[in-house]
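The structure appears right after this line, and notes come after that.
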Amino acid sequence: MSTIHTLSHQARPSLGVSINKYVKEVQGTIYKPYTEAEVERITTKVKLFYEYSKPTKQTAYYAEIKGKLSDPQFMMDLTEEVRRFLDNRPTQARYDEYILLCTQHQLTPKVIANKQKLEARIDKIISTNGETQDIK
């Protein structure tokens, strides 16, 4: 089991948000091949964010993540998590298809950085004959 899964219920989502932020910053929201240097760059940005953030009452779980950064296994798991986020972005072709469906059905396209959510929105548009793309 990944050491990331041992984080508290507050720390795990925070880590995911940080990874997602830096993946978007370095690589964007559409899938394209990435290099190990980009994986390392994103991992370093996430690490630095938690190393230099000052935990508050609302973000006390930052200290939990910061404490794990010195664990080599956690850092390997963090690097794998970054790769997972990079691989989970939609392709340009699928995003273009989503935009086309939104245009056809006069829906406002959403920015989507996760291929499962994109597929769920496409399925919802098709199954409702363009009535909605809302998946929640």
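When a residue number appears, it is its place in the shown sequence, counting from 1.
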Tyr98 and Ile125, any side-chain heavy atoms less than 4.5 Å apart
yes
Lys/Arg-Asp/Glu bridge criterion (N-O < 4.0 Å) met for Glu38, Arg41: no
So, does Lys115 use its side chain to make a donor-acceptor pair with the main chain of Arg89 at under 3.5 Å? no
Going through the checks in order, is the side chain to side chain contact (heavy atoms under 4.5 Å, CB included) test met by Leu101 and Gln104? CA-CA 5 Å; Leu101 283 168; Gln104 287 174 348; 3.8 Å; yes
For Leu78 and Thr43 the tightest heavy-atom approach is CD2-CG2, 3.9 Å
Closest non-hydrogen atoms of Ala11 and Ile65, given as atom of the first, atom of the second and distance, are O-CD1, 3.5 Å
Exercise. Among side-chain atoms of Glu64 and Ser8, is any donor-acceptor pair under 3.5 angstrom?
Worked result: yes
Would you say that Leu48 contacts Thr44 through its side chain, given a criterion of any heavy-atom pair below 4.5 Å between the two side chains? yes
Shared ILVMFWY cluster between Ile19 and Ile30, side chains joined below 4.5 angstrom?
no
The reported gap from OG in Ser70 to CE in Met75 (rounded to nearest 0.5 angstrom) is 9.5 Å
dist His105:NE2 -> Thr103:OG1 (nearest 0.5 Å) comes out at 10.0 Å
Requested in this report: Report yes if the side chains of Cys102 and Gln133 come closer than 4.5 Å at any heavy-atom pair, otherwise no.
Outcome: yes
Verify, without hydrogens or angle tests, whether Gln27 (side chain) and Val39 (backbone) share a donor-acceptor contact under 3.5 angstrom. no
Using the side chain to side chain contact (heavy atoms under 4.5 Å, CB included) rule, take Thr6 and Lys68 through it: C-alpha gap first, then chi angles, then the decisive distance, then the call. CA-CA 10 Å; Thr6 65; Lys68 298 267 189 178; 3.5 Å; yes
So Leu118 and Arg121, do their side chains get closer than 4.5 Å, heavy atoms only?
no
Step through the shown structure and confirm whether more than 12 heavy atoms of other residues, nucleotides or ligands are within 6.0 Å of NE2 on His5.
yes
Discussion item. Evaluate Lys124 against Asp134 for side chain to side chain contact (heavy atoms under 4.5 Å, CB included), listing each step before the verdict.
Written reply: CA-CA 7 Å; Lys124 191 67 164 192; Asp134 296 337; 5.7 Å; no
Sorted by chain and residue number, the side-chain contact (heavy atoms from CB on, under 4.5 Å) partners of Arg84 (sequence neighbours excluded) come out as Glu81
For Asn114 and Ile112 the tightest heavy-atom approach is O-CG2, 3.2 Å
* Would you say the ring centroid of Tyr95 lies under 6.0 angstrom from that of Tyr31? -> no
Interatomic distance, NZ@Lys66 vs CZ@Phe49, rounded to 0.5 Å, equals 12.0 Å
_Tyr61 and Ser14: side chain donor to acceptor below 3.5 Å_ = no
Is it true that the side chains of Thr59 and Thr56 contain a donor and an acceptor less than 3.5 Å apart?
yes
One should read off an interatomic distance between Gln116 CD and Ile135 CD1, to the nearest 0.5 angstrom, of 10.5 Å
Closest heavy-atom pair, Glu131 versus Leu107, reported as atoms and distance to 0.1 Å, is O-CD2, 4.3 Å
Between Leu69 and Lys47 the two heavy atoms that sit nearest each other are CD1-O, 3.6 Å
* Could you please spell out the steps behind the side chain to side chain contact (heavy atoms under 4.5 Å, CB included) verdict for Asp87 and Tyr34? => CA-CA 9 Å; Asp87 290 335; Tyr34 54 88; 2.9 Å; yes
In short, Tyr62 meets Ser53 closest at the heavy-atom pair CD2-CB, 3.5 Å
